[in-house]
Amino acid sequence: MNLSTTIAGVTFPTCFMNAAGACCVTQEELEALGESHAGAIVTKSMTPQPREGNPGPRYHSFPGGSINSMGLPNLGYPAYAKLIPELRRFGKPIVASIAGLNPQDFLEAAKAIELAKPDLVEVNLSCPNLPGEPQIAYDIEASRRILLELQECLTIPMGVKLPPYFDPVHHEAMAGMLEGVNVSFLSLINSVGNGLVIDPESETVVIKPKGGFGGIGGTIIKPVALANVRAFWKLFQGRMPIIGVGGVVTGTDAFEHLLCGASAVQVGTTLVEEGLTAFERLEKELSEVLTKKGYASVDDCRGRLKEL
Ligand code: RRO
């Protein structure tokens, strides 16, 4: 089965890759992704300075998903800029995720990472876990300003990682803004921000930062992820490549993202819980689903969701 896919002119050997944040902070983790069946190596979102992140416990899984408030732990962009050329030896696309606490951080990271020549840059406008910092992509004008500045200093295709939106008015507002900037793909969605998971037995929250509030991932966010993939696919009439993220546990989950219009999928909670062998399993399961359904490739089924 042909599971390869092309996004912004970059061909991925398979449509599965890690979600930024999942198993991709350290050199060892990035190399392990290189050696795995992942179709790409996506870095942790990087900032100018190395960051320890929030105090722990800061990740917790539960039946149906996970909650995290990692707080952007990363090695800092100089370390990733040095690592990226070394990761080339794995022969798969490299996606550099950039983030920041202010617009200047994004620009600085973009300029430095451009020189390391990743294949794509994913601009994370949706981290929900920085105490006191709003998710940028819930502010259309702030997002526009950052993307307009970034497009001036990047020659590598740039995509945007968005948070979930829950109303068509917000999908339309974001899509309308994106029409006016040079964005080559969308990654949809980041974790559902500021959820709360509690332990009724001990009567406590399960993670420490922000009083227990954190980003929700995994199976329980799949309907929200699919809705966002579908909404943006339709708003761009299938012309904007989308990487679907959220609730990919099985090959069928990936198939659902493809039907909604995704060209590839990222795996977060499942990767953290199951480890790197998840990629091989997902490949096998998606191949079986596509074969059973009579599709010849990822391209063949993309966006083909039927409406009633
Ligand atoms: O590091 C995090 O806490 C984090 C980030 Br940057 C993000 O974009 N999404 C998420 O769920 N956690």
Side-chain angles (χ1 to χ4, degrees), residues 17-26 29-30 42-62 64-77 79-80 95-103 105-106 109-110 113 121-139 142-143 146 158-165 186-197 205-222 224-225 228 243-248 266-273:
M17 66 192 89
N18 65 297
C23 308
C24 59
V25 176
T26 64
E29 286 176 320
L30 293 164
V42 184
T43 71
K44 173 67 182 172
S45 298
M46 59 189 82
T47 52
Q49 307 299 327
R51 286 174 58 88
E52 291 283 332
N54 292 337
R58 56 190 191 178
Y59 174 88
H60 175 91
S61 67
F62 53 92
S66 67
I67 182 167
N68 87 83
S69 184
M70 308 305 287
L72 214 34
N74 76 96
L75 305 179
Y77 70 68
Y80 295 108
V95 182
S97 173
I98 63 172
L101 306 187
N102 55 61
D105 283 358
F106 281 91
I113 222 63
V121 172
E122 187 182 83
V123 181
N124 184 356
L125 295 183
S126 46
C127 177
N129 299 330
L130 298 170
E133 302 283 342
Q135 289 167 82
I136 298 163
Y138 286 139
D139 179 338
S143 303
I146 290 179
M158 147 178 108
V160 190
K161 175 99 170 257
L162 294 177
Y165 299 98
L186 303 178
S187 298
L188 307 171
I189 54 174
N190 208 319
S191 55
V192 174
N194 298 293
L196 184 61
V197 174
V205 299
V206 297
I207 57 171
K208 184 177 173 70
K210 288 177 74 174
F213 286 54
I216 308 292
T219 298
I220 62 167
I221 72 161
K222 188 177 72 172
V224 178
N228 277 269
I243 303 178
V245 204
V248 175
Q266 293 181 346
V267 188
T269 301
T270 298
L271 187 56
V272 173
E273 292 302 310

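Counting starts at 1 for both ligands and their atoms, in listed order. Hydrogens, waters and symmetry mates are skipped; everything else that's a heavy atom, side chains included, is used.
In this structure, the side chain of Asn129 engages the main chain of Asn68 through a donor-acceptor pair within 3.5 Å. Proximity of a side-chain donor or acceptor of Asn18 to a complementary backbone N or O of Cys24 within less than 3.5 Å is not detected. Between the side chain of Tyr80 and the backbone N or O of Val25, at least one donor-acceptor pair lies under 3.5 Å.
Near ligand 1, heavy-atom contacts under 4.0 Å come from Lys44, Asn68, Ser69, Met70, Gly71, Leu72, Pro73, Asn124, Cys127, Pro128, Asn129, Asn190, Ser191.
Between Pro103 and Ile146 the shortest heavy-atom distance is CB-CG1, 4.0 Å.
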Start with the C-alpha gap between Asn228 and Leu162, add the side-chain angles, then the distance that decides, and say whether side-chain contact (heavy atoms from CB on, under 4.5 Å) holds.
CA-CA 9 Å; Asn228 277 269; Leu162 294 177; over 6 Å; no
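Remark: Glu133 engages no residue in a side-chain hydrogen bond (donor to acceptor under 3.5 Å, both in side chains) (not counting sequence neighbours).
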